[in-house]
There are 2 protein chains.
Amino acid sequence: MGDSRDPAGGPWVLGVDSGGSGVRVALAPAGPAGAAGGSPGPASAATPLAAASLAADDRPAVTGPRGIDAASLMERVHPLVERLTAAAGADRIAAACVGAAGMATLGDDLRDRLPDALAAAFGVRRLALAGDAVTAYAGALGLRPGVVVAAGTGMIALGASADGDGHEGAGAWRRADGWGHLLGDAGGGAWIGRAGLDAAMRAHDGRAGGSMALMAAARERFGPLDAMPAQLYPRPDRAAVLASFAPEVGRAAGDDPVAAGILRQAAAHILESAAAVRPGAGPVDVALAGGLFRMGEPLLGPLRAQAERLLPGAVLVPAAGGPLDGALLIARALRHGRLPLPADPRLLTLTDRPGP
Amino acid sequence: MGDSRDPAGGPWVLGVDSGGSGVRVALAPAGPAGAAGGSPGPASAATPLAAASLAADDRPAVTGPRGIDAASLMERVHPLVERLTAAAGADRIAAACVGAAGMATLGDDLRDRLPDALAAAFGVRRLALAGDAVTAYAGALGLRPGVVVAAGTGMIALGASADGDGHEGAGAWRRADGWGHLLGDAGGGAWIGRAGLDAAMRAHDGRAGGSMALMAAARERFGPLDAMPAQLYPRPDRAAVLASFAPEVGRAAGDDPVAAGILRQAAAHILESAAAVRPGAGPVDVALAGGLFRMGEPLLGPLRAQAERLLPGAVLVPAAGGPLDGALLIARALRHGRLPLPADPRLLTLTDRPGP
């Protein structure tokens with residue numbers, strides 16, 4: 001099928017990743033239809049950014065009374081895309097995917113106004129608006145059923161099924177955890193760091209369950225432990241402070257049974273979340289996405305060791321790419337007319353505009 | 001020993017309890033020497049307030065750059081004491097104890113200026129400045145060695161030993177936990193409530209470890225669980241919100257094994273903290289103070305069931321009284337010339353001024 005017969009009308013696709021630290025955009029050739037995902041391995045997700053040109057703005061889109069403000073997001077995106085299209089000699093963008101943190105709960109204005117705005121500015125006819133968990137899913141695992149656990153400071157698991165009759169948007173998303181450091185995020189960075197500091201304070205007090213190694217690490221990092229409460233509680237970024245201690249737990253785990261126990265428990269919680277969202281009981285790929293897994297063996301070992309018990313039939317795979325890769329993959333699939341991921345009124349909405 | 005031979009020179013004593021919700025004072029006859037504590041049972045602590053007149057100001061003392069401001073505390077205390085002394089016909093106050101939340105870390109100005117201020121205003125010659133944990137200890141257990149665990153939203157254990165040669169102020173205080181809801185307070189109200197909400201969110205997600213009973217209770221109390229993070233995280237009183245769910249865990253524990261497991265774990269943590277501060281390995285009374293224990297059997301049962309294993313030789317006793325009782329007890333002991341509690345530069349300092 002040549003470009004002249006392509007109903008979407010153009011060889012370029014756009015990916016956008018909007019979050020708390022700013023907005024990133026990627027422009028790429030739509031590529032041949034076969035590159036749009038749906039292949040069984042994660043390799044299909046590994047390449048999008050390699051072929052793309054990138055631009056970023058470190059000012060996040062503004063959130064107002066109607067949620068994330070569409071005009072504010074367009075203000076960020078517009079000059080970035082103009083720059084990229086000019087440099088690439090791209091005349092028209094056939095399809096785009098905008099992934100945004102908060103799309104599910106704060107995305108009404110984006111859903112109302114972005115389709116017109118992107119059509120007017122760049123001729124975008126097919127558009128996907130996705131939660132950042134969905135673009136993270138696609139970036140990590142591609143456009144196929146499975147499970148992605150995304151773990152950084154927090155922890156969330158997202159599963160996609162392909163059941164139903166196979167038409168575009170069939171199947172369903174399932175989500176587990178992601179409730180923040182006081183209500184859940186079990187096994188994430190803040191959870192691990194908090195458990196590590198709990199063990200440090202226990203050693204400091206002479207209580208059961210303490211770890212001298214973690215006490216020493218906490219003193220090294222934060223100073224006298226008596227002053228920890230005064231240091232931690234007034235800060236707005238408490239969860240990040242807790243998560244900053246997670247690598248110390250990883251470093252201690254080789255020699256310290258308390259630290260090793262914390263990571264064994266964290267791995268179990270991550271697997272429990274994955275199990276809650278798996279699409280059916282059959283074999284499933286579970287992609288591990290997010291910065292927490294850079295801890296390496298101290299966490300990956302306990303994940304592998306407990307996977308067969310808590311998540312039978314699963315294959316743990318590293319994430320192939322990030323959310324911007326995922327946005328490009330979704331845009332490419334749209335351009336070629338088929339997106340095998342489940343549509344969802346909050347997590348993934350599609351707009352298809354007739355041609356001019 | 002009659003009042004005419006009393007070196008402290010007066011039959012009245014004053015107790016002050018200063019905290020975040022205001023200032024309370026109690027004026028009482030010093031009573032016979034034998035009522036000053038040191039007796040083996042908690043009964044000696046049960047009576048002080050019954051014989052006292054009380055007054056309160058719901059404005060807390062101001063905390064400034066030097067910590068709790070002595071002038072501000074005197075501003076609150078002065079009219080209250082004048083009112084009580086006038087009503088009681090008390091001419092002079094022989095001894096006083098001021099217990100204040102934050103005395104340990106924010107008490108420098110109080111230690112510098114309160115002795116002169118109270119001497120000038122009311123002729124107070126013997127003064128004890130105590131952390132609120134110390135007055136809570138004395139109120140709960142009296143003036144004898146032992147352990148007090150104080151549990152409300154938070155959880156702290158305080159132990160006092162009587163080792164040394166028996167002179168006034170010998171022995172030492174030991175403290176465990178009290179590190180707040182992110183670093184510890186293990187087994188306290190916020191800890192129990194948070195564990196209960198974790199189990200509610202697990203049931204909501206279909207994760208392992210969930211409780212349908214706690215999920216239902218959380219919905220009843222907080223509304224749709226998807227909205228819990230947006231409700232909880234912006235609030236400044238997050239720990240109190242978490243603790244507000246602890247009674248639901250207590251109510252569910254009769255039928256729900258997850259809730260029962262949370263309270264068993266909470267009881268274990270409380271006993272671990274008590275064990276860390278016990279004065280020696282011999283028999284010891286452990287007083288349970290604070291609002292959390294009003295939960296009753298769902299928590300007291302697991303405490304008793306695990307005490308012999310985690311805290312061998314301990315007898316769990318209910319708190320005889322509160323912090324203001326404790327302040328009066330300490331003031332009475334001072335007036336009679338002997339305070340058998342350990343002196344400590346931050347937790348309990350004594351001033352003895354020569355007579356006129």
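All chains are named by letter (A, B, ...) in the order of the sequence lines, taking the proteins before the strands, and each is independently numbered beginning at 1. This structure is a prediction, so every number in the text was calculated from the model and none was measured.
- Proximity to chain B is limited to the backbone of A:R175, based on heavy atoms less than 4.5 angstrom apart.
- The shortest heavy-atom contact between B:M201 and A:W179 is CE-CD2, 3.3 Å.
- Heavy-atom distances place the side chain of A:L232, and not its backbone, under 4.5 Å from chain B.
- Residue-level contacts of residues 204-219 of chain B with chain A, in order of numbering, are B:H204, B:D205, B:G206, B:R207, B:A208; threshold 4.5 Å between heavy atoms.
- Between chain A and the residues B:G178, B:A157, B:G180, the largest count of heavy-atom pairs under 4.5 Å involves B:G180.
- Residues of residues 222-231 of chain B having a heavy atom under 4.5 Å from any heavy atom of chain A, listed by number: B:L225, B:D226, B:M228, B:P229.
- Contacts of B:A275 with chain A are absent, with no heavy-atom separation under 4.5 Å from either backbone or side chain.
- For a heavy-atom cut-off of 4.5 Å, chain A lies close to B:R238, B:L242 in residues 235-249 of chain B.
- Among all heavy-atom pairs drawn from B:L182 and A:R194, the shortest one is O-CG, 3.0 Å.
- Taking non-hydrogen atoms and a 4.5 Å limit, the residue list of residues 262-274 of chain B in contact with chain A, ordered by number, reads B:H269, B:E272, B:S273.
- In terms of heavy-atom pairs under 4.5 Å with chain A, the best-connected choice from B:L197, B:D198, B:L310 is B:D198.
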